[in-house]
Structure formats: C-alpha cells, structure tokens
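Here is the structure we will look at, set down as structure tokens.
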Amino acid sequence: MSYDDNNIFAKILRGEIPCDKIYEDKYVLSFYDVNPQKKIHALIIPKGKYVDLDDFNENASKEEIYGLMKGISLVSNRLNISSKNGKGYRAISNISENGGQEVLHLHFHLIGGEKVGKMVEK
Ligand code: DGP
C-alpha cells in the first residue's frame with residue numbers, strides 16, 4: 001500500500017492538527033493517544049513517511065530505525081513506565097488489515113501505568 005499524505009498522523013506531523021506532545025527529535029514524534037486504553041497510552045511515530053512496520057524495516061535508513069527504537073525507550077523512561085524506573089508496559093504496532101491498523105502511518109502504542117492484561121483476543 002502506498003503512503004497517503006492525508007492520514008491523521010501526517011497532519012499532526014505537519015502541525016495541521018494539534019497533539020498532546022510527549023517528545024520530539026529529528027526522527028520521531030511522541031504524543032498521547034486520543035482514545036487511551038489504559039492509564040498511560042502514548043504513541044510514537046517516525047517522522048518519515050512509512051505505512052507500517054514492514055514498510056519501515058524495508059525502506060527506512062539505519063539512522064531512522066535506530067532513532068525509532070531508541071525513541072521508544074526514551075519515551076517509556078520519560079513517562080516512568082520503563083522496566084528500569086517503572087513497572088513496564090506493552091509496545092504494540094498494529095500492521096494492516098488483520099493487525100487492526102486504522103491509521104496508515106507507522107506507530108507504536110506504549111501502554112502502561114497499570115496491568116495491561118491479555119495480549120490478544122481469542
Ligand atoms: P491503530 O488502530 O493501531 O492504527 O491505532 C490508531 C490510534 O490512533 C488509535 O488508538 C487512536 C489514535 N488516534 C486517531 N486519531 C488521533 C488523533 O487525531 N490524535 C491522537 N492523539 N490520536 C489519534
């Protein structure tokens with residue numbers, strides 16, 4: 001699937017739609033999910049135009065991949081949910097139709113602040 005510049009996260013990246021920002025650097029933007037599933041529900045997205053994790057791993061530079069992976073732990077530390085300074089969290093990336101992806105710009109959900117519960121529905 002090709003990248004659609006009109007997806008909601010592209011609009012957030014361009015500043016056309018506001019977000020509750022947690023962290024930003026050259027490679028990533030992190031903000032709170034508009035529809036939190038647990039006490040803490042953050043999103044982290046790469047600044048580059050990637051539809052999903054497969055697209056990212058295939059086409060992103062090493063720096064972008066490193067930046068996103070590092071960014072996840074940076075944000076978890078900032079939110080005090082990491083295994084080091086909190087009680088842990090779940091990092092999820094939904095991919096395409098069977099994964100239940102709604103917004104077609106790669107993102108990881110960082111969910112924590114309390115027990116997250118069952119990993120998947122049966
Ligand atoms: P997914 O199903 O993995 O594509 O999750 C998309 C998430 O994005 C969903 O949890 C709700 C969140 N979301 C959708 N629109 C907005 C928005 O405009 N702002 C913020 N902060 N989150 C949004």
Side-chain angles (χ1 to χ4, degrees):
M1 182 171 306
S2 61
Y3 185 85
D4 175 6
D5 274 314
N6 285 319
N7 76 75
I8 203 96
F9 293 168
K11 290 180 181 176
I12 287 175
L13 278 170
R14 291 196 295 269
E16 294 166 12
I17 290 178
C19 70
D20 190 0
K21 194 194 289 188
I22 299 164
Y23 175 75
E24 180 171 15
D25 65 23
K26 186 175 168 192
Y27 297 108
V28 298
L29 175 66
S30 176
F31 48 93
Y32 288 101
D33 194 291
V34 80
N35 182 23
Q37 301 299 308
K38 291 287 174 189
K39 273 189 191 156
I40 295 180
H41 188 164
L43 298 169
I44 181 164
I45 68 177
K47 288 196 167 171
K49 299 179 180 185
Y50 301 103
V51 175
D52 60 25
L53 191 58
D54 289 339
D55 181 22
F56 186 68
N57 286 334
E58 214 169 292
N59 298 305
S61 67
K62 287 189 173 70
E63 290 77 16
E64 287 175 298
I65 294 172
Y66 183 83
L68 178 57
M69 290 298 113
K70 279 289 190 190
I72 289 174
S73 293
L74 224 145
V75 170
S76 75
N77 276 315
R78 188 163 285 202
L79 296 174
N80 295 315
I81 58 172
S82 72
S83 53
K84 200 170 67 188
N85 62 13
K87 290 188 171 178
Y89 62 102
R90 186 167 296 156
I92 302 169
S93 188
N94 297 319
I95 299 166
S96 202
E97 191 181 338
N98 279 3
Q101 184 179 8
E102 288 167 8
V103 179
L104 297 179
H105 180 114
L106 169 62
H107 52 282
F108 277 87
H109 299 254
L110 309 187
I111 301 171
E114 60 185 321
K115 283 253 195 242
V116 179
K118 264 202 311 193
M119 194 163 79
V120 289
E121 280 175 22
K122 289 223 171 175

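Order of listing sets the numbers, starting from 1, for every ligand and every atom in it.
Scanning the protein for heavy atoms near atom 21 (N) of ligand 1, the closest one is Tyr32 O, 2.9 Å. Here the heavy atom of the protein found nearest to atom 11 (C) of ligand 1 is Asp33 OD1, 3.3 Å.
Aromatic ring pairs are classed by plane angle as parallel below 30°, tilted from 30° to 60° and perpendicular above 60°; the pair His109 and His41 is tilted.
Geometrically, ligand 1 and Gln101 share no nitrogen or oxygen pair separated by less than 3.5 Å.
With respect to the salt-bridge test (charged N to carboxylate O, under 4.0 angstrom), the residues Glu24 and Lys47 qualify. Between Lys49 and Asp55, none of the side-chain N atoms (NZ, or NE/NH1/NH2) sits under 4.0 Å from a carboxylate O, so this pair counts as no salt bridge. With salt bridges taken as basic N to acidic carboxylate O contacts below 4.0 Å, none links Lys118 and Glu121.
Distances from atom 19 (N) of ligand 1 to the heavy atoms of Asn7, Ile8, Ile12 put Ile12 nearest. When the heavy atoms of Ile111, Val34, Asn35 are ranked by distance to atom 14 (C) of ligand 1, first place goes to Val34. With atom 2 (O) of ligand 1 as the reference point, the heavy atom nearest to it among Gly100, Pro18, Ser93 is part of Gly100.
Numbered from 1 in the order shown, with element, the atoms of ligand 1 that lie under 4.0 Å from a heavy atom of Glu102 read 1 (P), 2 (O), 4 (O).
Checked against the 6.0 Å centroid criterion, the rings of Phe9 and Tyr50 do not qualify as a close aromatic pair.
In Asn94, the part holding a heavy atom less than 4.0 Å from any atom of ligand 1 is the side chain. In His109, the part holding a heavy atom less than 4.0 Å from any atom of ligand 1 is the side chain. Of all the heavy atoms of Phe9, the ones lying under 4.0 Å from any atom of ligand 1 belong exclusively to the side chain. Residue Phe31 touches ligand 1 through its side chain alone, judged by heavy-atom distances below 4.0 Å.
A heavy-atom distance below 4.5 Å is not found between the side chains of His107 and Ile44.
Residue-ligand proximity: His107 is placed with a non-hydrogen atom under 4.0 Å from ligand 1.
Note that CZ of Phe108 is 14.0 Å distant from CZ of Arg90, once rounded to the nearest 0.5 Å.
Closest non-hydrogen pair, Asp52 versus Leu106, comes out as C-CD1, 3.8 Å.
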